[in-house]
**Q** 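Shown below is the structure under consideration.
Here the structure is a predicted model, which is why all the values come from computation and not from measurement.
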Amino acid sequence: MEHEKKYCASPWRGLHLNFEGNVKTCCAAHPTVLGSYDDNNKLEQDNRSIDQILQSNEMKEVRASIKQGILHPKYCENCINNENAGFGSERSWHNNISPDFDCATAELDDHKPALMDIRWNNTCNLACTYCSPYFSTKWASIKGEPFNRTINTQYESIIKYIEKHQDTVKEVALVGGEPLMMKENDRLLDILPDDVLITVITNMTTDFDRMPVPQKLLKRSRVGWSMSFDNVYDRFEYVRWGSSWELFDKNVRTVVERTKNSGQHCGIQAVYTIYNCTRLCELKEYAMQNNNLNICWQHVWGNQIDPQQHNEKVRKLAIEELIRYRDNFILRPMEIDFVSQQLDKLQNDTGDRKEDFHKFTDDVENKWHPDQKGQFKKLWPELVDALW
């Protein structure tokens with residue numbers, strides 16, 4: 001029986017640059033296949049221009065495979081695994097951006113970026129409980145780790161590459177760190193035509209009145225705001241350490257108002273964890289108060305903040321909240337799928353990461369965020385008996 005052929009526009013129409021210097025055509029692609037333009041990276045393919053990497057033999061091998069309807073086994077490994085597990089993948093994003101592109105007839109040396117994903121550095125103003133110094137300079141400073149990742153040394157060459165191809169660019173994703181803080185994005189927005197869709201994943205906790213990037217985004221015609229949060233009020237400030245709920249709420253309302261009857265749109269990018277498994281309805285109520293914001297759920301897998309890794313008492317509380325969420329609100333199809341998947345897993349999993357969570361919480365509250373000492377038990381009393 002012939003295998004289903006799978007095509008992806010990414011190798012011809014995508015560009016992903018991250019703060020480690022890796023060049024890829026998609027954020028899900030394997031980071032070591034194509035190489036790097038970063039002088040500090042010791043890959044064999046070092047010190048080539050972006051053009052040289054995108055026209056390399058390695059890239060042409062990937063394109064040749066996909067022209068035959070076969071996702072490259074190494075470069076496309078993440079999408080292959082996601083799709084085999086029944087989940088979506090980045091492949092659909094790229095294909096939706098370039099619906100008329102035909103991989104089967106494309107040339108091996110053709111590259112005209114339609115979708116760009118630019119991650120200049122890991123600058124971030126928060127030290128969220130489940131984040132790390134790799135993604136946040138705030139965490140790095142707290143832990144005393146010199147981890148300010150940046151591609152500033154290649155900034156001019158990247159800007160020139162984008163200017164050269166700005167006529168083919170349809171969408172640019174701004175990711176971090178915290179992209180609203182990055183001065184590099186200030187200049188980037190000046191060179192991108194107004195009809196380019198800007199999608200931004202942001203923690204929404206910078207001062208919109210003072211920072212140039214959010215001001216410029218609010219003035220553009222097409223912006224998609226993915227607002228990254230998964231709790232509200234005091235629980236928000238606990239998880240998103242260093243934040244102000246008051247400022248965050250003000251920014252959310254500003255964006256929601258801007259997106260009404262316009263080419264801009266916004267939604268919530270939430271992570272399902274121990275911190276919200278008993279508080280989903282609170283988040284949904286806040287979303288409904290703000291023009292019924294769409295919630296896109298992700299799941300943290302396999303560690304002490306994954307509800308599925310905990311004992312029967314935790315899983316029972318989580319199941320009860322999922323049922324309330326399902327039964328008391330009108331859910332979008334993706335939310336229905338999320339609830340169904342979580343209920344299935346929670347009813348069948350067994351585990352108890354209680355001791356791991358004790359140590360994790362002790363480190364958070366006593367070592368890294370001492371102003372939060374004892375706050376988990378106060379803010380999540382329903383979980384105390386289950387976890388202690």
**Q** Establish, from distance only, whether the side-chain atoms of Thr205 and Asn203 form a donor-acceptor pair under 3.5 Å.
**A**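 Side-chain D/A pair, Thr205 to Asn203: present.
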**Q** Lys359 and salt bridge (charged side-chain N to carboxylate O under 4.0 Å, His left out): which single residue from Asp363, Asp362, Asp356 fits?
**A**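 Running salt bridge (charged side-chain N to carboxylate O under 4.0 Å, His left out) over Asp363, Asp362, Asp356 with Lys359 returns exactly one hit, Asp363.
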**Q** Identify which one of Thr259, Asp209, Leu218 satisfies the side-chain contact (heavy atoms from CB on, under 4.5 Å) criterion when paired with Thr254.
**A**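 Checked Thr259, Asp209, Leu218 against Thr254; only one passes side-chain contact (heavy atoms from CB on, under 4.5 Å): Leu218.
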**Q** Other residues, nucleotides and ligands only: do more than 12 of their heavy atoms fall within 6.0 Å of NZ on Lys284?
**A**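 Yes.
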**Q** Hydrogens and angles aside, do Thr137 and Thr123 bring a side-chain donor and acceptor to less than 3.5 Å of each other?
**A**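 Distance-only check fails for Thr137 and Thr123.
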**Q** If you measure from the Lys or Arg side-chain nitrogens to the Asp or Glu carboxylate oxygens, is any gap between Asp109 and Arg63 under 4.0 Å?
**A**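 A salt bridge is absent here (no side-chain N lies under 4.0 Å from a carboxylate O).
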**Q** Going by ring pair (Phe, Tyr, Trp, His ring centres under 6.0 Å), name the residues that satisfy it together with Trp93, two or more places apart in sequence or in a different chain.
**A**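 Counting only residues at least two positions away or on another chain, Trp93 forms no ring pair (Phe, Tyr, Trp, His ring centres under 6.0 Å).
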**Q** Would Tyr238 and Glu365 count as having a side-chain donor-acceptor pair, cut-off 3.5 Å?
**A**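 Their side chains do contain a donor-acceptor pair, which is all the 3.5 Å distance test asks for.
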**Q** Rounded at 0.5 Å granularity, tell me how far CE in Met116 sits from OG1 in Thr168.
**A**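 If we round to the nearest 0.5 Å, Met116:CE and Thr168:OG1 are 6.5 Å apart.
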**Q** Tell me whether Lys373 at atom NZ has more than 12 heavy atoms from other residues, nucleotides or ligands lying less than 6.0 Å away.
**A**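 Counting neighbours around NZ of Lys373, 12 or fewer heavy atoms of other residues, nucleotides or ligands fall under 6.0 Å, so no.
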**Q** Does Leu189 belong to the same Ile/Leu/Val/Met/Phe/Trp/Tyr cluster as Val223, with side-chain heavy atoms less than 4.5 Å apart forming each link?
**A**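 Yes, same cluster.
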**Q** Hey, are Glu61 and His72 close enough side-chain-wise for a donor-acceptor pair under 3.5 Å?
**A**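 The answer is yes; a qualifying pair exists.
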**Q** Taking Asp249 for the side chain and Glu246 for the main chain, is one N or O donor matched with an acceptor at less than 3.5 Å?
**A**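 Looks like no, no N/O pair under 3.5 Å.
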**Q** Do Ser49 and Tyr161 have a side chain donor and acceptor closer than 3.5 Å?
**A**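 The criterion, which ignores hydrogens and geometry beyond distance, is not satisfied for Tyr161 and Ser49.
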**Q** Tell me whether the count of non-hydrogen atoms from other residues, nucleotides or ligands lying under 6.0 Å of CD in Glu312 goes above 12.
**A**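 Result for CD/Glu312: open.
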**Q** Does the Arg220 side chain pair with the main chain of Pro193, one donor and one acceptor, at a distance under 3.5 Å?
**A**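 Answer holds: yes.
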**Q** Report the distance from atom CZ of Phe360 to atom CD of Glu355, rounding to the nearest 0.5 Å.
**A**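 Phe360 atom CZ to Glu355 atom CD measures 15.5 Å (nearest 0.5 Å).
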**Q** State, without any angle test, whether Gln372 and Glu237 hold a side-chain donor-acceptor pair at a distance under 3.5 Å.
**A**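 There is no such pair (donor and acceptor under 3.5 Å, judged by atom type) between the side chains of Gln372 and Glu237.
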**Q** For the CD atom on Gln347, are there more than 12 heavy atoms of other groups (residues, nucleotides or ligands in this structure) within a distance under 6.0 Å?
**A**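 Counting other residues, nucleotides and ligands, CD of Gln347 exceeds 12 neighbours.
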**Q** Is it true that Glu58 and Ser56 share a donor-acceptor pair across their side chains at a distance under 3.5 Å?
**A**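 A donor-acceptor contact under 3.5 Å links the two side chains.
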**Q** Determine the sole option in His94, Lys6, Glu83 for which the side chain to side chain donor-acceptor pair (under 3.5 Å) test with Ser89 is passed.
**A**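 That would be Glu83; it is the only one of His94, Lys6, Glu83 passing the side chain to side chain donor-acceptor pair (under 3.5 Å) with Ser89.
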**Q** Would you please classify the geometry between the Tyr272 ring and the His299 ring as parallel, tilted or perpendicular, with 30° and 60° separating the classes?
**A**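 Rings of His299 and Tyr272: tilted, 30 to 60°.
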**Q** Would Thr206 and Asn125 count as having a side-chain donor-acceptor pair, cut-off 3.5 Å?
**A**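 Not at all, the side chains of Thr206 and Asn125 share no donor-acceptor pair under 3.5 Å.
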**Q** What is the distance from atom NE2 of His310 to atom CG of Leu346, rounded to the nearest 0.5 Å?
**A**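 His310 atom NE2 to Leu346 atom CG measures 11.0 Å (nearest 0.5 Å).
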**Q** With distance as the sole test, does Lys67 use its side chain to make a donor-acceptor pair with the main-chain N or O of Ala104 at under 3.5 Å?
**A**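 Such a contact is found between Lys67 side chain and Ala104 backbone.
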**Q** Quick one: do Ile159 and Ile53 end up in the same hydrophobic cluster if we chain Ile, Leu, Val, Met, Phe, Trp and Tyr together by side-chain heavy atoms under 4.5 Å apart?
**A**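 Same cluster.
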**Q** In terms of hydrophobic clustering (I, L, V, M, F, W, Y; side-chain heavy atoms under 4.5 Å; direct or indirect links), are Trp297 and Ile323 co-clustered?
**A**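 Yes: a chain of side-chain contacts under 4.5 Å links Trp297 to Ile323.
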**Q** In terms of side-chain geometry, is the basic nitrogen of Glu321 or Arg324 positioned less than 4.0 Å from the acidic oxygen of its partner?
**A**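 A salt bridge links Glu321 with Arg324.
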**Q** Which residues pass the side chain to side chain contact (heavy atoms under 4.5 Å, CB included) test with Arg222, not counting sequence neighbours?
**A**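 Residues passing side chain to side chain contact (heavy atoms under 4.5 Å, CB included) with Arg222: Leu197.
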